[in-house]
Amino acid sequence: MRPCPNCQSERVYKSDRPVGTTTIGGELLPKLSPGPLSSAKMRAVVCADCGLLRYFVDAAALSKLETSKHWTLV
Ligand SMILES: [Zn+2]
């Protein structure tokens with residue numbers, strides 16, 4: 001996660017809790033949720049110098065990518 005890929009700062013922070021991926025328009029990460037009543041999770045990482053925000057999808061959602069028929073390798 002460090003250094004920041006934009007400004008090479010070492011002052012990069014991650015949140016201590018995951019954020020859900022449900023949006024007003026639907027699921028940001030469709031078909032990768034752990035169950036029908038929850039959304040796939042991701043964790044925010046922010047650079048304290050330039051403000052670059054990155055999101056990293058959690059391992060449970062990542063594990064579903066390769067076998068999901070809703071996601072294709074680009
Ligand atoms: Zn930065």
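Start at 1 with the first residue, then count along the sequence. Numbering of ligands and ligand atoms starts at 1, following listing order. Just so you know, these numbers come straight off a predicted model, no measurement behind them.
- Residues Val12 and Arg54 are in side-chain contact: their nearest non-hydrogen atoms beyond the backbone lie under 4.5 Å apart.
- The two residues Lys31 and His70 come nearest to each other via the heavy atoms CG-CD2, 3.2 Å.
- Annotation: side chain of Thr21 is in contact with side chain of Glu27 (closest heavy-atom distance under 4.5 Å).
- Summarising the geometry of Pro5 relative to Gln8, their closest heavy-atom pair is O-NE2, 3.5 Å, with the distance given to 0.1 Å.
- When side chains are defined from C-beta on, Pro18 does not count as touching Asp58, because their heavy atoms never get closer than 4.5 Å.
- At a threshold of 4.5 Å between non-hydrogen side-chain atoms, the residues Pro30 and Trp71 count as touching.
- Among protein atoms, those of element N, O or S found less than 2.8 Å away from the Zn ion (ligand 1) are Cys4 SG, Cys7 SG, Cys47 SG, Cys50 SG.
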